[in-house]
Amino acid sequence: AVITALAASGLSTRRFLFEGFLDRQKKARRERLDYLKKIKETIIFYESPHRLLETLKELEKTFGNRQITVARELTKRYEEYHRASISETAEYFANKGVKGEFVLLMEGNLEEEVVEFSYTIEEHLLMYMDQGHTKKEAISLVAKERKLPKKEVYNIAIDIKK
């Protein structure tokens, strides 16, 4: 089912990671999804019909609104492929109903470089301000480094008293 779904998914077939079923324990599941955020390859999951909608919501929360292909009932009479963003796919199956066995194929991380910060945006702003930058300069630097809109960083900077 994995190779059949991958070949028809419309996603990159060059490299992929087959994850199988996600862990049912929330903590282990969350930790694994957080790890998978950085993966650049196509990621493939199996999912049961009674957990599909919950899993799609969790994927969107963790990965953003990436492209996904959901393959259903492969090599059977009601074989189906649905290609769209995660949110559109969740809406589609919520309206249509969920039946069958599913293979979920999600595009990998397309960003050139994944940067993680061990400090908050506020701490990042304070670091630049402590180095002598004005608040306005610090906002620009933080927004650029974190690839965030300046307005978002500005809204956090408003509460900083310096």
Side-chain angles (χ1 to χ4, degrees), residues 9-12 14-48 50-71 81-98 102-162:
S9 71
L11 298 172
S12 173
R14 181 179 168 106
R15 290 180 174 230
F16 63 92
L17 173 69
F18 175 63
E19 191 64 24
F21 285 97
L22 288 167
D23 200 306
R24 288 184 145 181
Q25 293 181 344
K26 287 189 178 196
K27 184 179 180 192
R29 184 180 179 106
R30 165 84 6 240
E31 287 173 359
R32 187 64 184 166
L33 289 175
D34 284 341
Y35 169 78
L36 293 173
K37 280 195 291 194
K38 303 169 193 166
I39 302 296
K40 294 180 187 255
E41 292 79 21
T42 300
I43 306 168
I44 305 171
F45 305 98
Y46 282 153
E47 194 52 89
S48 64
H50 63 277
R51 290 195 339 218
L52 178 68
L53 295 175
E54 179 185 332
T55 297
L56 289 170
K57 287 177 188 170
E58 194 169 3
L59 291 177
E60 183 178 10
K61 181 181 174 187
T62 303
F63 297 97
N65 205 16
R66 291 187 186 180
Q67 290 298 302
I68 192 168
T69 297
V70 176
Y81 293 89
H82 183 79
R83 297 170 190 88
S85 66
I86 296 173
S87 64
E88 291 168 334
T89 301
E91 184 178 331
Y92 173 80
F93 282 104
N95 293 332
K96 179 183 178 162
V98 180
F102 294 89
V103 180
L104 284 62
L105 303 100
M106 184 177 59
E107 72 182 349
N109 187 331
L110 300 178
E111 293 194 22
E112 290 180 23
E113 182 180 342
V114 177
V115 178
E116 288 194 28
F117 295 92
S118 59
Y119 41 87
T120 66
I121 294 173
E122 186 173 308
E123 291 168 335
H124 201 170
L125 287 163
L126 288 170
M127 176 187 76
Y128 279 122
M129 292 164 66
D130 289 343
Q131 293 174 1
H133 293 279
T134 66
K135 190 184 275 190
K136 184 177 180 180
E137 292 169 338
I139 291 169
S140 293
L141 290 167
V142 170
K144 183 178 179 183
E145 285 181 26
R146 291 183 178 252
K147 298 179 182 174
L148 294 171
K150 281 186 184 179
K151 185 173 184 172
E152 187 176 324
V153 178
Y154 173 80
N155 288 337
I156 294 169
I158 289 173
D159 296 330
I160 295 176
K161 307 288 187 235
K162 227 180 190 187

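By the 6.0 Å contact criterion, CD on Q25 is open, its count of non-hydrogen atoms from other residues, nucleotides or ligands being 12 or less. No more than 12 heavy atoms of other residues, nucleotides or ligands sit less than 6.0 Å from atom NZ of K27. Within a 6.0 Å radius of CD in E137, more than 12 heavy atoms belonging to other residues, nucleotides or ligands are found. With a 6.0 Å radius and a threshold of 12 heavy atoms from other residues, nucleotides or ligands, Y119 has its OH atom above the threshold.
To the nearest 0.5 Å, atoms CD1 (I39) and CZ (F16) are separated by 13.5 Å. Put simply, CE on M127 and CD on E123 are 10.5 Å apart, with the number rounded to the nearest 0.5 Å. Atom CD1 in I43 sits 10.5 Å away from atom CG in L105 (nearest 0.5 Å). In this structure, the separation between OG on S87 and CG on L59 is 12.0 Å, given to the nearest 0.5 Å. Between the CD atom of Q67 and the OG1 atom of T42 there is a distance of 12.0 Å, given to the nearest 0.5 Å. Here the CZ atom belonging to R24 is positioned 4.5 Å from the CZ atom belonging to R51, to the nearest 0.5 angstrom.
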Residues K135, L125; criterion side-chain contact (heavy atoms from CB on, under 4.5 Å); working and verdict
CA-CA 8 Å; K135 190 184 275 190; L125 287 163; 6.0 Å; no
Might you work through the side-chain contact (heavy atoms from CB on, under 4.5 Å) test for T89 and L104, ending with a clear yes or no?
CA-CA 11 Å; T89 301; L104 284 62; over 6 Å; no
Apply the test salt bridge (Lys or Arg N to Asp or Glu O under 4.0 Å) to residues E152 and R146: give CA-CA distance (whole Å), side-chain angles for both, the deciding distance (0.1 Å), then the verdict.
CA-CA 11 Å; E152 187 176 324; R146 291 183 178 252; over 6 Å; no
Go through the steps for I68 and E88 under the test side-chain contact (heavy atoms from CB on, under 4.5 Å), then give the verdict.
CA-CA 9 Å; I68 192 168; E88 291 168 334; over 6 Å; no
Applying side-chain contact (heavy atoms from CB on, under 4.5 Å), run through R32 and D23 and close with a yes or a no.
CA-CA 8 Å; R32 187 64 184 166; D23 200 306; over 6 Å; no
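When all heavy atoms of F93 and V98 are compared, the pair lying nearest together is O-CG2, 3.8 Å. The nearest pair of heavy atoms linking I86 to N65 is N-OD1, 3.1 Å. E47 approaches T55 most closely through the heavy-atom pair OE1-OG1, 2.7 Å. The minimum heavy-atom distance linking L22 with E19 is given by the pair CD2-CG, 4.2 Å. Smallest separation of non-hydrogen atoms from I139 and Y154: CD1-CD1, 3.8 Å. When every heavy atom of M129 is checked against every heavy atom of T134, the shortest pair comes out as CG-O, 4.3 Å.
Looking at V142 and L148, their side chains never come closer than 4.5 Å, going by heavy atoms from C-beta outward.
With hydrogens and angles disregarded, no donor-acceptor distance shorter than 3.5 Å links the side chain of R15 to the backbone of E41.
Ring centroids of F45 and F102 are separated by 6.0 Å or more, keeping the two rings apart.
By the 30° and 60° cut-offs, the orientation of the rings of Y92 relative to H82 is parallel.
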